[in-house]
Structures are given as structure tokens and as C-alpha cells.
Amino acid sequence: MKGKPLADRIRAEVAEEVRVIGHIGLVTVLVGDDPASEVYIRLKHKAAVEAGFDATDLRLPTETTQQELLDKLAELNASDDIDAILVQLPLPSHLDEEQVIRAVSPAKDVDGFHPMNAGELYLGRPAIVSATPRGVMALLEEHQVELDGARAVVIGRSDIVGKPLSHLLQQANATVTLCHSHTRDLERHTLDADVLVAAVGRTHLISADMVKAGATVIDVGMNRDESSRKVLGDVDPGAMELAAYMTPVPGGVGPMTIAMVLQNAATAARLRRPAAIATPKN
Ligand code: NAP
């Protein structure tokens, strides 16, 4: 279940949408110089430029104060040229992440992290949903994986992946079990899963013998192995022998996340400026 072919298609569709709308302004905000965050920001910015967005790569120094960051976000919120704001997390430790997430206008919050967007998802009427869970759902749909009545097990309950994904799966009529670090006998749950999603951040936590034959396995994990410098998943690749479908790492969920960020930005522009869409430039 490779992510790149579908991600490429979505990115081409978004590029077409940007062309029709004429202008979509996207700002990525990176505070500090964390190397992993730097890579993610570069990838998102490059993808946005390739899709024709008016993309701004805003870099702020590590010493940026909470107030300076909040003032900058208020400025971006107020700018009519900006449709989408992405603040790269984690922030340097002196900054209050929760307050920053709340400071991005929900209409421009293309990460879907604002409590308003998270709440709409919880209530089953989402507008903008976090990109990685949407990417997982798009992959499942593309491969026509049956979710209605299926047993779905999500491992990891973070606000950005596990929790929103568990809602989307439940809204697709799967019976969802959400596992975490306090779950007893993890294997009992994983072996029961028709659809198994690992979003933990522990290399090969899920061994092949924890996967049910014929299951669909989505590996969200991206763990850098310091000795080989490779990126490894949360699931042992040996599980591919048993699974009906399984995403590779890298090249599975990762490319989908980027594509869905861009799609979210196009959605934000459409929702915020319906007139721009009603009167396309050509
Ligand atoms: P996170 O915020 O650290 O959350 C990890 C979750 O895993 C927590 O809910 C934690 O439980 C649970 N967990 C930890 N150890 C466990 C164990 N032994 N058994 C069962 N559950 C366990 O991580 P995240 O931000 O969701 O990211 C998870 C992984 O996905 C990371 O590798 C990250 O790099 C990757 N990721 C990939 C993409 C992509 O585009 N491919 C996007 C986002 C994240 P508690 O809640 O009890 O602590």
C-alpha cells in the first residue's frame, strides 16, 4: 500500500485547484532550528511551491518570546492574503504550545489542531481534519478496504494522529479500539484487528506474530535508526507476509501527510473565500 502514487494524484488535483482559484496563501512557521522540524518544514514548503501556492517559509529564532509569536500569528490571521497557517511542532520548550495552537484562526488552521476543529471532528461534522489521519483514511478508501463493521485497532492516542484517526474510523462505521502505553496485553487487541494502525513512535513494536493474517496494516511510525540512519516503522516489515495490505516505511503514510496538508489548505481557502471559487480567474 504505497502512499506516493495516491499522494502524487492528490497533489496534482490540488495544483489544479490552486490554478482555478488563482491564489492560495500558505505560511509555514518554524521557531528555532530543530533538525527534524527543519526537514518537515522544507518538505511542506517545497510541496506547496510545486502546487502553485503563494508559500512563505517563516523562520523565527529560538529566542522568540510567546508574545512575539502570538503577535505574529495575529498578524497572519488578520491578513486576507493568507489562507493557511502551519506552525511546526514541537515548539522550543519555553513556548506554550497549547496557547499557540489556540492562537491560529480555526479557519486557517490547516493542521486541524485548534480545539474548534478537533471538536467538530469529535461531533462528526469536521471541516479541517489533521493531515496524517486524513491521509490514512484516503489510503484505505483508495484500496477499498472495508471499514463498515470492521474491527479497527489504533495504537497511539496522540492529538495529531491516534485520537483523530479513531474518530474517523468510527465515523466510517468501524468498531474501534484505541490502545496506548497503559494497554494490557496489546497482542490480544492487535490479533483481533481487521485494520491495524500503529502510531506510536517505537521501532518495530508490533512484531509479525502480533498481526492477524489478512489484516490491513497502516504503519504511521517514523523512527530514525541512529546506526543505519534509516527511517523505520512501528511494525516489523515481516508482517507484510501476513497482511492483505501494509504501508511501507518510508513511502507509505509520509507522502500522504504532505498531500493532505496541501488539500487542507485548498479547503481552507475555499471555505474562507467562497467568492474566489465562484469567480475563477479563467
Ligand atoms: P506521540 O504523541 O508520542 O504518541 C505516541 C502514542 O503511543 C501515545 O498515545 C502513547 O501512549 C503510545 N505508546 C507509547 N508506547 C506504547 C506502547 N509500548 N504500547 C502502546 N502504546 C504506546 O506520537 P505521535 O506524534 O502520534 O507520533 C507517533 C509516530 O508517528 C511517531 O513515530 C511519529 O514520528 C510518527 N508520525 C508520522 C507521521 C507521518 O506523516 N508518517 C505524522 C505524524 C507522526 P500514552 O498516550 O499512554 O503515552
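These numbers come from the heavy atoms of this one structure, side chains and all, not from hydrogens, waters or symmetry mates. One-based numbering, in listed order, for ligands and for the atoms of each. Quick note: residue numbers are just sequence positions, from 1.
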Keeping the roles fixed (side chain from [X], backbone from [Y]), state whether a donor-acceptor pair exists under 3.5 Å.
X    : Y    : answer
H94  : T64  : yes
K108 : L76  : yes
R102 : H114 : no
N264 : V110 : yes

Can you name the residues that come within less than 4.0 Å of ligand 1, going by heavy atoms only?
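Correct list: T132, I155, G156, R157, S158, I160, V161, H180, S181, H182, A199, V200, G201, R202, L205, V220, G221, M222, N223, V253, G254, T257.
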Item to complete: Give a yes or no on this: more than 12 heavy atoms of other residues, nucleotides or ligands lie within 6.0 Å of atom CD of E141.
Response: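 Incorrect, the count does not exceed 12.
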Side-chain donor-acceptor pair present, D209, S207, cut-off under 3.5 Å:
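Their side chains do contain a donor-acceptor pair, which is all the 3.5 Å distance test asks for.
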